[in-house]
Amino acid sequence: MKIITLQLGQMGNCTYIVHKNGQGLIIDPSWQMNDIYKTLEENKITPKAVLFTHGHYDHLTGAQDLLEKYQIKGYIGKEDITLSELPEELLISIKDNCSLEIAGMQVDFIHTPGHTKGSYCIKIDNALFSGDTLFTGSIGRTDLPGGNAREMQKSLVLLSKLPLETEVYCGHSYGPSFKTTIKEEIENNSFMRIATREPDTFSEIL
Ligand SMILES: [Zn+2]
């Protein structure tokens, strides 16, 4: 399995192409679709599905064109379908934690509400695509519609139980890097530290 990172748009969004044996999964395709199409062609990757970490505009603007061009479906948390404003016939709804085999890869969807109700962190092999739930040294906002501090705290606890060496690929290139590890965040991310060690005071630091 290989991962290609594209940083597109003006908000530091990261689109990831995960591929194996010429088949690809595209995570959060947004903004410049032509750059994504070009990358797929240059690397001879056939896209098999799109995976959305959540339904916010900046993670999916332009994705309808991609879904229609390749006639593939987009997997998205059930609770974020309306938020996404994408046509339902192009989507496959994800509910609760589940593992699916897509394009010859095992994809674990981990429900991590807090930033939005339908936020999912997506784990493929040793890589976790954390969307706007976990960033290097930070976390996603909980004050937007559908956000919830208590749910975010629980989601961070869930992520802290993943193998320490899990590589985390964030939804934006905020902070020092878009890439980190669970170990790094447990040690250095104060939101993660307080969520796991002092859960009752978590909402006070937001
Ligand atoms: Zn977001």
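Because the structure is a prediction, the values reported are computed rather than measured. Order of appearance sets the numbers: ligands from 1, and atoms from 1 within every ligand.
At least one N, O or S atom of D132 sits under 2.8 Å from the Zn ion (ligand 1). The Zn ion (ligand 1) has no N, O or S atom of H59 inside 2.8 Å of it.
Between the side chains of H111 and D96, no donor-acceptor pair of N or O atoms lies under 3.5 Å.
Here the N, O or S atom of H56 that is nearest to the Zn ion (ligand 1) is ND1.
By the neighbour-count criterion of 12 heavy atoms within 6.0 Å, atom NZ of K73 is densely surrounded, having more than that number from other residues, nucleotides or ligands.
In terms of the side-chain hydrogen bond (donor to acceptor under 3.5 Å, both in side chains) criterion, S30 has no residue partners (sequence neighbours excluded).
Two rings, from Y37 and Y70, have their centers less than 6.0 Å apart.
Take the Zn ion (ligand 1) as the corner point: the lines to NE2 of H54 and to NE2 of H115 open at 100°, to the nearest 10 degrees.
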